[in-house]
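Read through the structure below, which is laid out as structure tokens, and then see the notes.
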Number of protein chains: 2
Amino acid sequence: MAQKLALGIDLGGTNLECGIVTEQGTVLHRATRPALPERGPAPVLDDMAELIETAIRQVGASPDEVVGIGIGAPGPLSHRDGVIYKAANLPGWENVHLLRGIIKRAGLPATLENDGNAAAYGEFWAGAGKGANTMVAFTLGTGVGAGAIIKGELLHGHFENALELGHTIVDPGGRPCSCGQRGCLEQYCSARSLGRRAMEEIERGAKTSLTERVEPGKSLGSLPVAEAARAGDALACRLWDDACRFLAIGCVNVQHTFNPQRIVLGGGMSRAGDFLLDRVRFHLDAQKWHLHSDLPEVVLGQLDNNAGVIGAAGCALRSYADGVW
Amino acid sequence: MAQKLALGIDLGGTNLECGIVTEQGTVLHRATRPALPERGPAPVLDDMAELIETAIRQVGASPDEVVGIGIGAPGPLSHRDGVIYKAANLPGWENVHLLRGIIKRAGLPATLENDGNAAAYGEFWAGAGKGANTMVAFTLGTGVGAGAIIKGELLHGHFENALELGHTIVDPGGRPCSCGQRGCLEQYCSARSLGRRAMEEIERGAKTSLTERVEPGKSLGSLPVAEAARAGDALACRLWDDACRFLAIGCVNVQHTFNPQRIVLGGGMSRAGDFLLDRVRFHLDAQKWHLHSDLPEVVLGQLDNNAGVIGAAGCALRSYADGVW
């Protein structure tokens with residue numbers, strides 16, 4: 001029997017990433033190009049189809065080896081219907097029938113997942129979540145995404161918008177969020193929030209080495225803040241610590257909600273490695289309850305920025321194996 | 001074929017409740033006695049067995065009609081092993097093999113659930129959650145319990161302690177909780193927290209009609225506060241409104257976590273009816289996001305203080321139907 005392969009696509013506001021992935025979760029070929037979503041869905045779908053065709057050709061896969069395509073995309077979206085309702089970083093996209101568009105172009109079956117779900121499934125299937133029966137993964141990127149795997153299955157929810165943990169309220173009446181709420185978790189521990197808070201302090205006249213890292217017209221990310229904190233910058237230390245404290249609150253809330261075996265911290269901010277993990281664990285220890293020992297293991301993701309591509313491909317392989325296709 | 005019946009037991013710190021319930025969720029017989037858990041587990045188990053025997057005799061059920069026993073109890077506990085690890089309101093109980101004890105005494109198969117889970121299953125099966133595929137129920141009692149039904153199944157979690165939503169942190173560094181954390185949801189919207197906050201204000205010299213409702217040595221419950229608020233007492237209005245605001249935050253967080261079809265508000269505090277529901281919906285509307293229309297229906301429970309007994313019996317009938325027994 002020939003090996004089975006799947007295409008994994010990660011559609012973001014900045015990049016369109018494509019990988020061809022084996023049943024073991026190994027990436028055989030990977031390509032990236034700018035997403036340029038402001039062009040509208042059709043040209044992006046054309047690019048997607050081209051990336052897929054190239055990937056299949058590059059690895060020399062035969063048609064019966066490639067089982068299908070998995071796409072991770074920002075939501076709110078419908079996994080069931082393959083539609084992106086709208087997305088903050090795909091400006092102008094509304095009710096886009098993404099699945100229909102790619103199936104038509106590529107001539108392969110396809111499945112659509114929220115990007116937080118896809119990344120969580122990737123870590124579960126081929127990364128830091130391996131072997132866990134119940135797992136929640138945070139993707140600490142521009143915002144805070146998440147996904148939950150319960151007994152091997154992604155949780156979608158009735159409105160298919162579960163695990164928007166970045167928008168759970170942890171500070172009532174707190175910082176306003178672009179979603180319309182106040183005090184959302186992602187206003188305290190995402191790359192964008194770290195950068196924003198640093199800029200606010202700089203504008204207030206704070207003395208900090210971060211000032212030198214600010215590029216005109218660009219926002220500060222989480223890693224420059226981590227670097228400055230590591231180097232002992234007082235403001236950066238305070239901001240980083242505060243982000244880790246809120247992330248620990250997010251973990252405590254996941255503990256008391258899903259009570260999972262493992263919590264995986266992935267996404268760009270997790271590249272700070274132990275500098276993130278140790279601080280989160282410190283705050284977990286300080287904030288957790290003493291009623292019962294049911295604290296999940298909190299670990300770093302292992303797939304870095306491949307989690308979305310691998311997870312999306314994994315969802316496709318799963319759909320195939322389950323006979324959905 | 002004879003009809004099938006199950007016993008439902010609700011073990012609390014104050015009362016031990018027993019009902020015999022049909023496959024349609026109708027309670028045929030119900031009895032209550034003081035739990036007196038300070039006597040230790042054995043006498044409580046003896047009482048439980050006696051209530052069961054009486055219930056079966058009273059309805060004149062034949063042995064093959066009664067499929068088994070469901071018990072809802074405070075946790076942390078193990079549904080899988082039938083063990084109560086410990087419980088704040090069952091003082092001195094530690095690692096109690098409740099299931100083994102009742103099976104031995106009653107000679108019937110039995111299943112153990114966290115009381116929040118049992119009540120949620122009751123509402124799902126025979127109450128306000130009927131027909132929902134994904135549902136979360138809050139039990140607003142002394143504390144705040146909860147349970148989630150996902151595609152017809154209770155969520156237990158890896159450590160079997162899921163849905164302790166009363167201990168999710170919604171006010172970092174806020175009011176201390178007996179669990180060891182700070183800012184737990186149940187410190188803001190449980191009966192006990194309402195009573196406590198009222199007492200704090202009275203001690204600080206607040207002028208309020210609640211002063212007349214305080215009985216020496218007893219704590220104020222949520223319903224006296226609701227009544228005083230209805231009658232226009234300024235302090236009571238403020239406290240009630242604040243509890244509803246936090247409960248709405250709890251609902252927003254459930255929305256972004258499970259994205260369920262329905263959220264059910266049950267337990268003693270829900271007896272305030274629309275006075276609770278309208279205020280919670282008001283705060284939901286004020287605090288919810290504007291990104292997507294995925295707000296669950298928020299409704300009152302329908303089973304009142306029968307939710308636990310009916311739900312526990314429902315779990316037993318389910319175990320029987322699924323061939324677990």
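Scope of the values below: all heavy atoms of this structure, side chains included, with no hydrogens, waters or symmetry mates.
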Most heavy-atom pairs under 4.5 angstrom with chain A, which of [options]?
{"options": "B:Arg262, B:Lys288, B:Gln261", "value": "B:Gln261"}
{"options": "B:Cys179, B:Ala88, B:Gly180", "value": "B:Cys179"}
{"options": "B:Gln255, B:His167, B:Arg182", "value": "B:His167"}
{"options": "B:Ser178, B:Gly173, B:Pro260, B:Pro296", "value": "B:Pro260"}

From [X] atom [atom1] to [Y] atom [atom2], the distance as rounded to the nearest 0.5 Å:
{"X": "B:Leu163", "Y": "A:Thr257", "atom1": "CG", "atom2": "OG1", "answer": "7.0 Å"}
{"X": "B:Thr134", "Y": "A:Phe159", "atom1": "OG1", "atom2": "CZ", "answer": "10.0 Å"}
{"X": "A:Glu153", "Y": "B:Lys151", "atom1": "CD", "atom2": "NZ", "answer": "6.5 Å"}

Notebook entry, point to check: Where do B:Ile150 and A:Ile150 come nearest, in terms of heavy atoms and distance?
Noted result: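 What the structure gives for the nearest pair is CD1-CD1, 4.1 Å.
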Check: Do you know which two heavy atoms are closest between B:Val170 and A:Ile169, and how far apart they sit?
Finding: CG1-O, 4.3 Å
Notebook entry, point to check: Does B:Asn161 offer a backbone N or O that forms a donor-acceptor pair with the side chain of A:Asn259 under 3.5 Å?
Noted result: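 Yes, the answer is positive, given that a donor and an acceptor are paired below the 3.5 Å cut-off.
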Chain B contact via [X] - side chain, backbone, both or neither, heavy atoms under 4.5 Å:
{"X": "A:Asp294", "result": "both"}
{"X": "A:Val252", "result": "side chain"}
{"X": "A:Pro172", "result": "both"}

Item checked: Interface moiety of B:Leu165 toward chain A, non-hydrogen atoms closer than 4.5 Å -> both
Next item on the list: Below 4.5 Å from any heavy atom of chain A, which atoms of B:Leu185 appear? Answer side chain, backbone, both or neither.
Entry: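 Nothing of B:Leu185, per the 4.5 Å heavy-atom cut-off to chain A.
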Margin query: Using a 4.5 angstrom heavy-atom cutoff, name the option from A:His158, A:Gln287, A:His156, A:Arg245 with the most pairs to chain B.
Written below: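 Max contact count across the listed options: A:His158.
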Notebook entry, point to check: In terms of heavy-atom pairs under 4.5 Å, which option from A:Val254, A:Ile249, A:Asp171 contacts chain B the most?
Noted result: A:Ile249
Next item on the list: Might you work through the ring pair (Phe, Tyr, Trp, His ring centres under 6.0 Å) test for B:Phe258 and A:Phe258, ending with a clear yes or no?
Entry: CA-CA 10 Å; B:Phe258 293 104; A:Phe258 291 105; 5.0 Å; yes
Check: Between the side chains of A:Gln181 and B:His256, does any donor sit under 3.5 Å from an acceptor?
Finding: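 B:His256 and A:Gln181 do have a side-chain donor-acceptor pair below 3.5 Å.
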